[in-house]
Q: 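A single structure is presented below for examination.
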Amino acid sequence: MASLVAAVADGLKRKPVRIGTHSGTFHADEALGCFMLRQTQAFKGAEVVRTRSPEVLKDLDVILDVGGVYDPSANRFDHHQRGFEEVFGHGFSTKLSSAGLVYKHFGKEVVAAALGLPVDHSDVQTVYLAVYKNFMEAMDAIDNGVNQWDSESGPKYVNNTHLSARVGRLNPDWNEDQSDDTLMLRFEQAVQLTGSEFLEAVQYYAKSWLPARGYVKEALDQRLDVDPSGSVMKLNTYCPWKEHLHQLEEELGCQGQVLYVVYEDDRERKWRVQAVAAAPGSFQSRKPLPTAWRGLRDEELSTVSGIPGCVFVHASGFIGGAATLEGALEMARKALTLK
């Protein structure tokens, strides 16, 4: 009983954990950084203090996006100081924002907690890297003024719908109340907005992206059972496969070997044979389906190809269809030998 009373008393004496960030106009990076810190054991439920006063900041438990210091051992995570060039690593070269710094040092813990897995689970590492590539890096780049394009001519259109822009619009307009109370209320709204979209990304990569990667990896491993050339891959379960195939080929050292992917269309229940793109997102195929087949359908296509049950081949040759798995496989195998 005495030990329980002592523990309660100790808890009452303990100061609440506090996160420091800058006052004034807020941005997506420190809003998301605060959200992620609050998901950790060390800073769970922490109070946010928005200030630029060195005297106030020095006594806070963790500081991000202000203070001019990057020192993870002291929980200082600013990126504005001269000479700062920290990047995420793992092949990424974009300079980090305060959110990127928090993610680099606490991201695995946050992802593991969201997935209910141990930090050292292999799925946590995979999702951790996928979320950085597909969610976090853009925030780092936008906050640091990194263009998505190399040309100095500027973008061809305006995009004010991305997360950083939407957080920016949560700041009071020039003719609205600019008080500290209003800014704090709006900042907490930004924390919730960035946090909800971050968690959506984590859940997507864990529950949809990661299982699909597993199915593609299985199909890639089994491709020699489909055709001795190793150039035809059959998905046993339909899933998004294009991004995974290119990434897995690179990881496994078999880039460019798969030319066609055969799968069952999950809506029409017909079989498809699709030419693999030359690069992720490219409209150019590694080996389009044969020229003589393109634009043909049904019996005409079956007659020209010599394969019963053909349904169609697109005019560009990037995809074709057959009524049966056997027909689709035969289309892929025969296409390997034709131009």
Side-chain angles (χ1 to χ4, degrees), residues 19-39 48 50 52 63-70 72 76-107 110-111 127-174 183 186-205 209 243 280-281:
I19 300 170
T21 190
H22 63 79
S23 54
T25 300
F26 52 81
H27 310 95
D29 69 317
E30 76 266 21
L32 179 56
C34 288
F35 177 86
M36 289 190 290
L37 286 171
R38 284 172 167 174
Q39 311 310 302
V48 174
R50 302 186 71 239
R52 294 185 185 274
I63 300 172
L64 67 153
D65 214 39
V66 69
V69 175
Y70 168 53
R76 272 31 184 177
F77 300 101
D78 198 9
H79 68 113
H80 296 100
Q81 57 273 23
R82 185 189 297 272
F84 177 87
E85 296 293 339
E86 190 73 11
V87 299
F88 185 66
H90 305 283
F92 297 97
S93 58
T94 300
K95 189 164 71 171
L96 297 178
S97 66
S98 63
L101 288 172
V102 170
Y103 190 75
K104 178 171 183 172
H105 293 283
F106 297 95
V110 175
V111 169
V127 173
Y128 171 68
L129 295 177
V131 169
Y132 184 77
K133 177 181 179 181
N134 295 284
F135 186 88
M136 294 298 307
E137 188 177 23
M139 187 164 293
D140 288 335
I142 290 170
D143 195 75
N144 284 302
V146 179
N147 285 332
Q148 280 186 286
W149 57 91
D150 293 328
S151 171
E152 295 183 1
S153 61
K156 293 184 178 179
Y157 57 89
V158 174
N159 177 13
N160 287 323
T161 62
H162 54 76
L163 180 57
S164 295
R166 285 181 283 124
V167 167
R169 288 202 299 275
L170 288 174
N171 283 280
D173 288 334
W174 65 272
L183 281 164
R186 298 289 190 92
F187 179 74
E188 288 292 355
Q189 291 174 356
V191 171
Q192 292 307 310
L193 173 62
T194 56
S196 65
E197 295 202 14
F198 169 79
L199 290 180
E200 284 176 7
V202 171
Q203 293 300 325
Y204 165 76
Y205 285 101
W209 182 90
E243 173 192 353

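Positions are given from 1 along the sequence.
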Q: Do the non-hydrogen side-chain atoms of Phe198 and Tyr103 ever get within less than 4.5 Å of each other?
A: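 Heavy-atom side-chain distance check passes, below 4.5 Å.
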Q: Any donor-acceptor pair under 3.5 Å linking the side chain of Asn144 with the backbone of Val146?
A: no
Q: Nearest 0.5 Å, please: how far is CZ in Arg50 from CZ in Phe187?
A: 5.5 Å
Q: For Gln81, is the CD atom crowded, meaning more than 12 foreign heavy atoms sit under 6.0 Å from it?
A: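 Enclosed.
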Q: For residues His27 and Ser164, determine if any side-chain heavy atom of one lies less than 4.5 Å from a side-chain heavy atom of the other.
A: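 Result no, sub-4.5 Å side-chain heavy-atom pair not found.
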Q: Going by distance alone, is a donor N or O of one side chain under 3.5 Å from an acceptor N or O of the other, for Asp65 and His79?
A: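 There is such a pair between these side chains.
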Q: Using the side-chain contact (heavy atoms from CB on, under 4.5 Å) rule, take Leu193 and Leu163 through it: C-alpha gap first, then chi angles, then the decisive distance, then the call.
A: CA-CA 9 Å; Leu193 173 62; Leu163 180 57; 4.0 Å; yes
Q: Between CD1 of Ile63 and CD of Glu30, what distance do you get to the nearest 0.5 Å?
A: 13.5 Å
Q: Minimum heavy-atom separation for Arg186 to Leu170, with atom names?
A: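 Closest approach of Arg186 to Leu170: NH1-O, 2.7 Å.
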Q: Using the test salt bridge (charged side-chain N to carboxylate O under 4.0 Å, His left out), find all partners of Lys104 that sit at least two apart in sequence or belong to another chain.
A: Glu86
Q: Might you point out which heavy atoms bring Val191 and Cys34 nearest each other, and give the distance in Å?
A: CG2-CB, 4.3 Å
Q: Inspect the contact between Lys95 and Glu137 and indicate whether a charged nitrogen and a carboxylate oxygen are less than 4.0 angstrom apart.
A: no
Q: For the residue pair Leu183 and Phe26, what are the closest heavy atoms and their distance?
A: O-CE2, 3.9 Å
Q: For the atom pair CG (Asp143) and CG (Leu32), what is the distance rounded to the nearest 0.5 Å?
A: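 The CG atom of Leu32 is 11.0 Å from CG of Asp143, to the nearest 0.5 Å.
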Q: Considering all heavy atoms of both residues, which atom of Ser93 and which atom of Val87 are nearest to each other, and what is their separation?
A: O-CG1, 3.5 Å
Q: Report the distance from atom CG of Leu64 to atom CD1 of Ile19, rounding to the nearest 0.5 Å.
A: 7.0 Å
Q: Looking at the rings of Tyr205 and Tyr132, which for Trp means the six-membered one, are their centres under 6.0 Å apart?
A: no
Q: Please check: side-chain N/O of Gln192 versus main-chain N/O of Glu188, any donor-acceptor pairing under 3.5 Å?
A: no
Q: Should Tyr204 and Val131 count as side-chain neighbours, where that means a heavy-atom distance under 4.5 Å?
A: no
Q: Return yes if a side-chain donor-acceptor contact under 3.5 Å exists between Ser97 and Asp140, otherwise no.
A: yes
Q: Run the ring pair (Phe, Tyr, Trp, His ring centres under 6.0 Å) test against Phe84 and tell me which residues pass, sequence neighbours left out.
A: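 Tyr70.
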Q: Are a donor atom and an acceptor atom from the side chains of His80 and Asp78 found within less than 3.5 Å of each other?
A: yes
Q: For the residue pair Phe77 and His105, categorise the inter-ring angle as parallel (less than 30°), tilted (30 to 60°) or perpendicular (more than 60°).
A: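 Taking His105 first and then Phe77, their aromatic rings sit tilted (interplane angle of 30° to 60°).
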Q: Between atom CZ of Arg166 and atom CZ of Arg169, what is the distance when rounded to the nearest 0.5 Å?
A: 7.5 Å
Q: Run Arg38 and Val48 through side-chain contact (heavy atoms from CB on, under 4.5 Å) and show every step you take.
A: CA-CA 10 Å; Arg38 284 172 167 174; Val48 174; 3.2 Å; yes
Q: Measure the CE-CG distance between Met136 and Leu129 for me, rounded to the nearest 0.5 Å.
A: 13.0 Å
